[in-house]
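Okay, structure first, notes after.
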Amino acid sequence: MKSINEVQDEIIDNFSLFEGDMESKLFYLMDLGKKLPAMPEAHKGDDYLVKGCQSKVWLFPTLELGQVNFEADSNTEITKGLISLLISVWNGRTPEEILNSELYFIEKIGMGSMIGSQRSNGFASMIRQMKMYALAYQQK
Amino acid sequence: MELQSIRSHFPILHQEVNGAPLIYFDNAATTQKPIEVIEALDKYYRTDNANIHRAAHSLASRSTEYFEQTRKTLADFIGAPEAETCIFTKGVTESINLVAQAWGRKFIQAGDEILVSTMEHHSNIVPWQLLCEEKSATLKVIPMSDSGELDMDAFYQLLGPKTKLVACVWVSNALGTINPVKEIIEAAHKQGALVLLDGAQALSHFEVNVQEMDCDFLTISSHKLYGPTGVGALYGKRHLLEAMNPYQAGGEMIKEVRFEKTTFNEIPYKFEAGTPNIGDVIAFKAALDFVTKTGKSLIADHEDRLLSHLLEGLKKEEFHKVKLIGTASKKVSVQSFLIEGKHHFDIGMMLDARGVAVRTGHHCTQPLMHRLGIDGTVRVSFAMYNTIEEIDQFLHVLKRICAR
């Protein structure tokens, strides 16, 4: 299995094709979002809603054999694309790996504005929430 | 001033965003600043900076003079009878809170009613909610139609002897609706109620005269009127301002301070405790002068043309998924919309990817969004420097988004 940073570097490499072309980047992100496995409606309750000012994000964590897995969804396509990247980086990792990792790919692919302000979208809150779940699992 | 040359006064407009020329259609959030404003601010800090009032030295008398000149210019701009009836604040939010605290806490009593409209900005809802809670008064809401027009029949039903204040937005920030405020004021006054008009979105678009309108309070924003951020004003009728309690306490607002008892300064200083935002107030005058020089009627005609051009363009078949939000018959150059099957946030991001700046979300009008059964819109809002060509480019980008 690739390391967290190897996956991040791969993402950065893929996005380098869109350098200077924000529109294509967004379209690519939205296509990625469409490939995200559907989240069971039962897991989209209010308890799993991470609220942002503009977009909604649902996040449902599980721990199996010491590995964390997240199901997630959003009502905005761009956020959903970013979620699919985040899941490719963090799913199947141990709580320790998640907590010790540093997410740098979001800035590097030029989507830093998505995590700049908690108000604008649920994505930044989602990252925090994922780490909180990892912390809770670690202390179990 | 020729409209064609207006753009050359706004340095910020001449830049690229994401590889495309910036198209700034977020003017209802804040307008850009002409070079005259930027230079006035620069000049103030280079040559005139000193704390105003009560000083013997030359810089202080200069800055005091310029500061008070803005007050006079603003009074003329809104048709106020005297400069002292204009109080500087940090913006519309503070202006409304000032009235809620200094007038409301003194004059609102248990059982009284305050009317607001469905399309208020949060800043013209929450201060009244807090006041009503404190005073056991009731907040009532004027309903509106699906197109975004106030239900005036319902307004007359709601208005009664218990109504002490109608706090109403002149122009809706989210929908662009121009409300029939003259009618509201006349009806309210007949019942003995006061009227506060939120003028944040009105002053940049059309001629405003508080004496003709006979409103009791008007709130004013500098940054939505081509001036600096962090400055606003409250206009109030003299006898009301004089009867009100002080708002914040400190320097400037006092006449005499003794530990036994403090007496308060005259208006407007009674409400201007502490060192104000001197530099930005002084630069605000340059914005007012710029708008006056350009001419409100010229601006209004131009913006009407822009809105008509947009609405005409959106009638085309390729935009059949576009749903207009806010279609009142009297509107300023603001248009909210949604695209079927797309989230407003995604639309905003995709427009930005091609250099178009719009606002997305609930526009701080959650009760309005709730009334419309949506959780946000995409909003384009035009200013004097926008062009027909920019709208054509916007429609071109929007067509690509709709087609996706």
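By convention in this document, chain letters (A, B, ...) are assigned in the order of the sequence lines, proteins followed by strands, and residues within each chain are numbered from 1. Keep in mind that the numbers below use all heavy atoms, side chains included, and drop hydrogens, waters and symmetry copies.
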Exercise. How far does NE2 of His344(B) sit from CG of Asn75(A), to the nearest 0.5 angstrom?
Worked result: 7.5 Å
Exercise. So does Lys399(B) have more than 12 non-hydrogen atoms from other groups sitting under 6.0 Å from NZ?
Worked result: no
Exercise. So with a 6.0 Å cut-off around CD of Glu64(A), is the heavy-atom count from everything else above 12?
Worked result: no
For this session: Apply the test side-chain contact (heavy atoms from CB on, under 4.5 Å) to residues Met350(B) and Met22(A): give CA-CA distance (whole Å), side-chain angles for both, the deciding distance (0.1 Å), then the verdict.
Result: CA-CA 8 Å; Met350(B) 284 190 280; Met22(A) 185 55 116; over 6 Å; no
For this session: Kindly compute the distance separating NZ (Lys56(A)) from CG (Asp375(B)), expressed to the nearest 0.5 Å.
Result: 6.0 Å
Seminar exercise, completed: Okay, Ile78(A) and chain B: the region with an atom under 4.5 Å from a heavy atom over there is both
Exercise. So does Glu133(B) have more than 12 non-hydrogen atoms from other groups sitting under 6.0 Å from CD?
Worked result: no
Problem set entry | From Ile401(B) atom CD1 to Glu23(A) atom CD, the distance as rounded to the nearest 0.5 Å | 7.5 Å
Exercise. Taking non-hydrogen atoms and a cut-off under 4.5 angstrom, which of residues 27-35 of chain A neighbour chain B?
Worked result: Phe27(A), Met30(A), Asp31(A), Lys34(A)
Exercise. Is the CD atom of Glu340(B) crowded by more than 12 outside heavy atoms at less than 6.0 Å?
Worked result: no
Exercise. So do Met111(A) and Met349(B) actually touch side chain to side chain, heavy atoms under 4.5 Å?
Worked result: yes
For this session: With rounding to the nearest 0.5 Å, note down the distance linking CZ in Arg404(B) to CD in Glu77(A).
Result: 7.0 Å
Exercise. More than 12 non-hydrogen atoms from neighbouring residues, nucleotides or ligands closer than 6.0 Å to NZ on Lys90(B), yes or no?
Worked result: no
Exercise. Among residues 90-108 of chain A, which ones touch chain B with a heavy-atom distance under 4.5 Å?
Worked result: none
Problem set entry | Straight-line distance of Thr79(A) OG1 to Asp346(B) CG, nearest 0.5 Å | 6.5 Å
